[in-house]
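These notes are about the structure you will find just below.
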Amino acid sequence: MTPDWPRALGQTLGTAVLRNSPEDFEVREYLGFDPDGDGEHVFLHLQKRQLNTLDLVQRVAKLSGVPSRDIGYSGLKDRNALTSQWLSVGLAGRPEPDWAGLEADGKVRVLASDRHRKKLKRGVHRANEFRLSLVGLQAEQGAIVQRLEAIASEGVPNYFGRQRFGRNGSTLAQARQWTGEGGRRIARNRRGLYLSALRGLCFNTLLAERVRQESWQRPGPGDAVALAGSRSIFQADQTTDDLAARAQAGDLHPALPLWGSGQPVASAAVHAVQAGLVASEGGVAEFLEAQGLALAYRAARVIPDDFCWRFCDDGTLILEFSLGAGSYATAIVDELVRYDEGDQGSGGSSE
């Protein structure tokens, strides 16, 4: 099991079921750029149901005859959801297949295809658009609306969601076992999943402490700071009224490490405190450094864009919003209600 990370906006206000069916969790990946129109890579815009991204990659590899290593994707999308995302297929002189062959069993729909000069890389898409249905909501509607308004204005802690750690924390448990074995050679995809789970654990540990200190929304002296809507990270040499006002307005957020080796953006004093906190995870940080991961940063807060909601007569609450690449929709739901995943759920979200 993964830890129950502390919530920032108070106790959950009731209960609901999330993902009673895949259609209750809709995700649309927004690239933020158009394919070039030519090149050796085919960009496929695909809608999938009851398949995860790696399942989808395997289907494309089989149809095209292209090794899975030559198929690119920007984000991982859950199996138990209705999602659309882009994949790139490096044909490099191979004939282009009839992509309609992906639609044989009804789990995949081809929305568009185009050409591009470069392979699609992880994390390059701009945002994911979500439509979530919380079924059987048991909560006082007025309190729910107040909490939703607070989320819209203040945001929520940008925790990695349960998907990062596997069903009931299984991926994290396997990753911990792997570290105990000294990081023996394993399949590339499995290695990536384990390292992501361990990195997510360190980040969430640091963010949980900021939530306890009620400092997850505002940067302090020496903190790394993320500029909203960009990949810009800089150090807050000192706290100023301007910096506080920009954080209040949502223009910037504190940033915390995605653990690895390299020169910290945060001050030496702040980084030393962070290293002390992640030391409680039993050598995970040192293991990540030894595996050659480069130190990076992730915003501690996420504020949903275009956030709207409506209540249905049958007790369902529908949420619609968009989040930047890498943020989890369940971070929003976790600050609202305690939810079960229904028969379809896997405990995750989408990146």
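As a basis for the values below, the full set of heavy atoms in this structure was taken, side chains included, without hydrogen atoms, waters or symmetry mates. As the structure is a computational prediction, the values presented were derived from the model and not from experiment. Sequence positions, counted from 1, serve as the residue numbers for this chain.
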Assess whether atom [atom1] of [X] is packed by more than 12 heavy atoms of other residues, nucleotides or ligands within 6.0 Å.
| X | atom1 | value |
| --- | --- | --- |
| Q213 | CD | yes |
| R109 | CZ | no |
| R69 | CZ | no |
| D241 | CG | no |

Out of curiosity, does [Y] fall in the hydrophobic cluster containing [X] (side-chain heavy atoms, cut-off under 4.5 Å, transitive links)?
| X | Y | result |
| --- | --- | --- |
| L102 | L91 | yes |
| L293 | L256 | yes |
| Y328 | I303 | no |
| V156 | L323 | yes |
| V27 | L317 | yes |

Check against side chain to side chain contact (heavy atoms under 4.5 Å, CB included), R19 and D78 = CA-CA 11 Å; R19 271 196 283 221; D78 245 9; 2.7 Å; yes
Between [X] and [Y], which heavy-atom pair has the shortest distance, and what is it?
| X | Y | result |
| --- | --- | --- |
| A236 | G220 | CB-O, 3.8 Å |
| S113 | L44 | CB-CD2, 3.7 Å |
| S84 | R28 | OG-CA, 3.3 Å |
| S133 | L18 | O-CD1, 4.0 Å |
| T171 | L193 | CG2-O, 4.0 Å |
| H125 | A325 | O-CB, 3.1 Å |

Side-chain donor-acceptor pair present, T53, Q85, cut-off under 3.5 Å =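 Distance-only check passes for T53 and Q85.
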inquiry  = Within the 3.5 Å criterion, strictly below it, is a donor on S215 or R210 matched to an acceptor on the partner's side chain?
reply    =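 Their side chains do contain a donor-acceptor pair, which is all the 3.5 Å distance test asks for.
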Do the non-hydrogen side-chain atoms of [X] and [Y] ever get within less than 4.5 Å of each other?
| X | Y | result |
| --- | --- | --- |
| L13 | Q146 | no |
| K62 | R59 | no |
| V270 | Q274 | yes |
| L252 | F234 | yes |
| L87 | L120 | no |
| E281 | T179 | no |
| V284 | V278 | no |
| R246 | L227 | yes |

Do NZ/NE/NH1/NH2 and the carboxylate oxygens of [X] and [Y] come within less than 4.0 Å?
| X | Y | result |
| --- | --- | --- |
| R301 | E154 | no |
| R115 | E96 | yes |
| K48 | D55 | no |

For R7, salt bridge (charged side-chain N to carboxylate O under 4.0 Å, His left out) partners two or more places apart =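 Only D4 meet the salt bridge (charged side-chain N to carboxylate O under 4.0 Å, His left out) criterion with R7.
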CA sep, side-chain torsions, deciding dist, call: L195, L288, side chain to side chain contact (heavy atoms under 4.5 Å, CB included) = CA-CA 7 Å; L195 292 175; L288 291 170; 3.9 Å; yes
Are the side chain of [X] and the backbone of [Y] linked by a donor-acceptor contact shorter than 3.5 Å?
| X | Y | answer |
| --- | --- | --- |
| S74 | V124 | yes |
| E140 | G142 | yes |
| D24 | N20 | yes |
| Y339 | V135 | no |
| R191 | R185 | no |
| E129 | Y30 | no |
| N158 | A299 | yes |
| E29 | W86 | yes |
| N204 | F160 | yes |
| R298 | G326 | yes |

Hey, could you give me the [atom1]/[atom2] distance between [X] and [Y], rounded to the nearest 0.5 Å?
| X | Y | atom1 | atom2 | answer |
| --- | --- | --- | --- | --- |
| F165 | L201 | CZ | CG | 6.0 Å |
| H41 | K118 | NE2 | NZ | 10.0 Å |
| L76 | T83 | CG | OG1 | 10.5 Å |
| D223 | S267 | CG | OG | 7.5 Å |
| L134 | D340 | CG | CG | 11.5 Å |
| E40 | K119 | CD | NZ | 11.0 Å |

Y194: partners by ring pair (Phe, Tyr, Trp, His ring centres under 6.0 Å), with sequence neighbours left out =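 By the ring pair (Phe, Tyr, Trp, His ring centres under 6.0 Å) rule, Y194 matches W178.
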message = Does R164 qualify as a cation-pi partner of F203, given the criterion of NZ or CZ under 6.0 Å from the six-membered ring centre and within 45 degrees of its axis?
response =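 No; the conditions do not both hold, so R164 does not lie above the ring face of F203.
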key: Worked verdict on W259 versus T205 for side chain to side chain contact (heavy atoms under 4.5 Å, CB included)   = CA-CA 11 Å; W259 209 269; T205 297; over 6 Å; no
request  = Test salt bridge (charged side-chain N to carboxylate O under 4.0 Å, His left out) on R162 and D334 and set out the steps.
outcome  = CA-CA 11 Å; R162 301 176 195 174; D334 280 333; 3.8 Å; yes
ask   = According to the interplanar angle, ranging from 0 to 90°, do the rings of F25 and F130 count as parallel (below 30°), tilted (30 to 60°) or perpendicular (above 60°)?
value =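 Taking F130 first and then F25, their aromatic rings stand perpendicular (interplane angle over 60°).
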query = Which class fits the ring pair F321 and F307: parallel under 30°, tilted 30 to 60°, perpendicular over 60°?
reply =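 Correct class here is perpendicular.
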request  = Run the numbers on Y73 and L56 for side chain to side chain contact (heavy atoms under 4.5 Å, CB included), then give the verdict.
outcome  = CA-CA 10 Å; Y73 55 89; L56 190 60; over 6 Å; no
